[in-house]
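Notes to accompany the following structure.
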Amino acid sequence: MDRVELKPGEQLDLLSGFERFTQTMGKAVPILEAVGWKLDGAYMHCTGRLNTIVDMWLLEDYNQFERGMHALMTHPSFPEIRQVLGETVRNETLVFLQRLAYTR
């Protein structure tokens, strides 16, 4: 699970930080999925801590995480992706979860 807290609307661009973030993630997702990551869902908080997005990624193992990060950071679009994420993300928390037996 990747929990991202966006900076509040302090961007001077025509697009808000939220729009810039979601457009940029739209570019990053295919790069990560090309090496086996699967985005199970992307969610925005509607209550509680606003400006927060949770991405639920399905990975086979920790090695697949490393392969995805390598693919992203060596991709020609990474400098642009990195810049936008640096400008729009206030905080990111990465958590590895294990699905429990009672999950349907």
Side-chain angles (χ1 to χ4, degrees):
M1 178 186 83
D2 188 26
R3 183 180 157 275
V4 177
E5 183 181 348
L6 299 179
K7 295 177 182 175
E10 58 194 35
Q11 307 300 325
L12 299 176
D13 290 9
L14 295 175
L15 295 176
S16 74
F18 174 78
E19 291 167 325
R20 293 178 67 219
F21 175 83
T22 57
Q23 287 179 358
T24 299
M25 285 304 295
K27 296 174 185 175
V29 167
I31 298 167
L32 296 166
E33 289 187 333
V35 293
W37 287 35
K38 181 181 183 307
L39 183 60
D40 193 44
Y43 307 92
M44 177 183 70
H45 283 208
C46 295
T47 61
R49 189 178 281 276
L50 302 180
N51 293 326
T52 300
I53 295 173
V54 175
D55 293 333
M56 298 294 290
W57 292 95
L58 299 179
L59 305 176
E60 293 175 10
D61 55 31
Y62 296 113
N63 293 326
Q64 191 174 32
F65 174 77
E66 293 297 328
R67 288 191 300 273
M69 289 290 93
H70 177 75
L72 182 62
M73 292 187 303
T74 58
H75 193 275
S77 298
F78 182 67
E80 175 191 352
I81 292 170
R82 179 180 171 183
Q83 178 179 347
V84 172
L85 295 181
E87 292 172 354
T88 59
V89 174
R90 171 186 285 170
N91 184 35
E92 180 176 21
T93 304
L94 186 65
V95 178
F96 288 93
L97 305 170
Q98 181 173 337
R99 194 176 298 259
L100 295 175
Y102 61 84
T103 302
R104 294 178 183 214

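Everything numeric in this text was worked out from a predicted model, so none of it was measured.
- For T22, the side chain to side chain contact (heavy atoms under 4.5 Å, CB included) partners two or more places apart in sequence, or in a different chain, are F18.
- The CG atom of N51 lies 9.0 Å from the CE atom of M44; values are rounded to the nearest 0.5 Å.
- Sorted by first and then second residue, the salt bridge (charged side-chain N to carboxylate O under 4.0 Å, His left out) pairs involving residues 62-85 (not counting sequence neighbours) are K27-E80.
- If you chain together hydrophobic residues whose side chains sit under 4.5 Å apart, V29 and L94 fall into the same group.
- Clustering of Ile, Leu, Val, Met, Phe, Trp and Tyr side chains at separations under 4.5 Å places L100 together with Y102.
- The two residues V35 and A71 come nearest to each other via the heavy atoms CG1-CB, 3.8 Å.
- Both M69 and Y62 sit in one connected hydrophobic cluster of ILVMFWY residues. Membership requires side-chain heavy atoms under 4.5 Å apart, directly or through other members.
- Taking the side chain as every heavy atom from C-beta outward, I31 and I81 approach each other to under 4.5 Å.
- Each ring pair (Phe, Tyr, Trp, His ring centres under 6.0 Å) pair with one or both residues in residues 38-61, not counting sequence neighbours, appears once here: W37-W57.
- When every heavy atom of P79 is checked against every heavy atom of H75, the shortest pair comes out as CD-O, 4.1 Å.
- Residues in residues 37-51 take part in these salt bridge (charged side-chain N to carboxylate O under 4.0 Å, His left out) pairs, two or more places apart or across chains: E5-R49.
- F78 and V84 fall into different hydrophobic clusters, defined by Ile, Leu, Val, Met, Phe, Trp and Tyr side-chain heavy atoms under 4.5 Å apart, directly or through other members.
- Under the side chain to side chain contact (heavy atoms under 4.5 Å, CB included) criterion, T74 pairs with H70, not counting sequence neighbours.
- In terms of hydrophobic clustering, with Ile, Leu, Val, Met, Phe, Trp and Tyr side chains grouped at heavy-atom distances under 4.5 Å, L97 and V54 are assigned to a common cluster.
- To the nearest 0.5 Å, atom CG of residue L39 and atom CE of residue M25 are 7.0 Å apart.
- Residues satisfying the side chain to side chain contact (heavy atoms under 4.5 Å, CB included) test with E92, not counting sequence neighbours, are D2, V4, V89.
- Across all non-hydrogen atoms, the minimal contact from G17 to T88 is O-CG2, 3.6 Å.
- Between the side chains of Q23 and E19, no donor-acceptor pair of N or O atoms lies under 3.5 Å.
- Taken together through direct or relayed side-chain contacts under 4.5 Å among Ile, Leu, Val, Met, Phe, Trp and Tyr, F21 and L32 form part of one hydrophobic cluster.
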